[in-house]
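Just so it is clear, the values below take in all heavy atoms, side chains as well, and ignore hydrogens, waters and symmetry mates. Residue numbers begin at 1 in each chain, while the letters A, B, ... track the order of the sequences.
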There are 2 protein chains.
Amino acid sequence: MPEPLGEFQRRMLEFIVNYIRREGMPPTNREIGKAMKIASTGHVDYHLSMLEKRGYIIREAKKSRGIKLTRHPWGIPVEGTIAAGEPIEIFSEPDQTIEVGHGVDPENSFALIVRGQSMIEDHICDGDYVVIKRQRTCENGDIVVAVHLVEGTPGKATLKRFFLEKEQVRLQPANAELEPIYIPRDEWDREWEIQGKVIAIVRHYGGSGRAA
Amino acid sequence: MPEPLGEFQRRMLEFIVNYIRREGMPPTNREIGKAMKIASTGHVDYHLSMLEKRGYIIREAKKSRGIKLTRHPWGIPVEGTIAAGEPIEIFSEPDQTIEVGHGVDPENSFALIVRGQSMIEDHICDGDYVVIKRQRTCENGDIVVAVHLVEGTPGKATLKRFFLEKEQVRLQPANAELEPIYIPRDEWDREWEIQGKVIAIVRHYGGSGRAA
DNA sequence: CATTGACTCGAATAGCCGTTCTACTCTTGA
DNA sequence: TCAAGAGTAGAACGGCTATTCGAGTCAATG
């Protein structure tokens, strides 16, 4: 839906989102101007009208702080689905978000929808949302999103428990029907990458219409 | 922490919370006055200073819409814990909240912390938060909070799947080690009450410090 | 070169906003 | 009865706010 933005307007929108997240209210035009080093309030108004025209915000005329975001500032994007052994399917337009509250840093988190039963014994089910915190490292026992790089680009991705063992890394599913993956240390270092670890899961029951 | 409020100020705070929820920004003093049928802006200021003194809001001097809530408007209260067959333990001070986003009506929802393994086969674990929508009725197969009334007051409470059968109600745990509870229809009508049904669960992994 | 579109400034304006002050009415309790 | 406290109204003030206007810069396009 929204047209892409230029660098400046993208930073301006980012400031507005962060301000709302921090202060609990939208900024005034003057506060935006100050933060963006814009001298004229008319100038701020101009860029805001651009943001509005392109569908990123809605303004309420004449109201102080009359800016509304068209997306919820506390939502984190649902970037795709993950199924054991398949590449992550990235939604081309990650429009959907789920809201998880202040405790999760939205800058460094995202969500995936779980497909399949590979983590069922850890009680992560088909259809659950897993909230992932982006990080390159993890500790033994963490549930992580690990991807196998094929010639430098992401190939297969998988949701598994991580265990660093003497000579190898073990990626352990939570399903007795599935075998763990064993990866020699050097191959791990060369060909694998951790995208993040699971910090929460959210499950919705029934058609409660909880799309964000 | 917060002192109790009089009826008027309680309604005023409620208006502010709902306004923020609806508009994404706090109301101005004049908007509050209009909604509360207060003629004078000084009068509104007076009540706001009361709310601030009692710890319900924080005001930023001179800033338009400079009202912040000390509790998150999207949080729903974590009212206690529920374990199969035990009464719900109600927290005397339900200070904790979890944030679940716009889709859940905070007026008619609350959360409980699950204790024990009675719903483990439905992949609801010890420590999970279950989000409950308050309702007196439910459909077959719903996971509900059902309480056994002892002389009109809540006694045992339980988290189970509800099935209405010919002559009886069956409350079905999701754990092979536990037996379902069968309740004759007339006893059900007389002595039992549904407090709500599970619409979501939230699970936090590790010490990610996600208290609200 | 002329034109267009995107972007920038400074100034002005009309109205909105939080705050303060004075004055008044109740109710409660000493 | 008197005093104190909570609640109400009205008016006024200084600053804040969104918006508009006129004028200008700069880069790309024809």
Subject >> Gap between atoms CE and C1', on Met25(A) and dT17(D) respectively (whole Å) >> reply: 15 Å
Original post:
Expressed in angstrom and rounded to an integer, what is the separation of Ile38(B) atom CD1 from dG10(D) atom P?
Top reply: 13 Å
Subject >> Pair Tyr19(B), Glu14(B): side-chain N/O donor-acceptor within cut-off below 3.5 Å >> reply: no
Between the protein and nucleotides 14-18 of chain C, list the N/O to N/O atom pairs that are separated by less than 3.5 angstrom.
from	atom 1	to	atom 2	distance (Å)
dG18(C)	OP1	Arg65(B)	N	2.9
dG18(C)	OP2	Asn29(B)	N	2.8
dG18(C)	O3'	Lys62(B)	N	3.3
dG18(C)	N7	Arg30(B)	NH1	3.0
dG18(C)	O6	Arg30(B)	NH2	3.1

Subject >> Separation of atom NE2 in His43(A) from atom C1' in dT19(D), rounded to whole Å >> reply: 15 Å
**OP:** Would you please say whether a donor-acceptor pair under 3.5 Å links the side chains of Tyr205(B) and Arg203(B)?
**Re:** yes
Original post:
Can you check ring pair (Phe, Tyr, Trp, His ring centres under 6.0 Å) on Phe162(B) and Trp192(B), steps first, answer last?
Top reply: CA-CA 12 Å; Phe162(B) 172 94; Trp192(B) 288 75; over 10 Å; no
Original post:
With respect to the phosphate group of dA6(D), does any side-chain polar atom (N or O) of His47(B) fall under 4.0 Å of OP1 or OP2?
Top reply: no
Original post:
Can we say Asp45(B) and Arg59(B) salt-bridge, meaning some charged N sits less than 4.0 Å from an Asp/Glu carboxylate O?
Top reply: yes
Original post:
When the distance from CD of Glu52(B) to C1' of dT19(C) is rounded to whole Å, what number comes out?
Top reply: 13 Å
**OP:** Kindly indicate, with the supporting measurements, whether the criterion side-chain contact (heavy atoms from CB on, under 4.5 Å) is fulfilled by Met12(B) and His47(B).
**Re:** CA-CA 8 Å; Met12(B) 184 159 146; His47(B) 281 298; 3.5 Å; yes
**OP:** Measure the distance from CD1 on Ile57(A) to P on dA18(D) and round it to the nearest whole Å.
**Re:** 11 Å
Subject >> Cationic N near anionic O, under 4.0 Å, Glu79(B) to Arg134(B) >> reply: yes
Original post:
Between dG7(D) atom C1' and Met36(B) atom CE, what is the distance in whole Å?
Top reply: 13 Å
Original post:
Within the pair Gln9(B) and dG7(D), is there a side-chain N or O less than 4.0 Å away from OP1 or OP2?
Top reply: yes
**OP:** Let me know, please, whether Leu48(A) or Tyr46(B) comes out on the 5' side of the other along DNA chain D by nearest nucleotide.
**Re:** Tyr46(B)
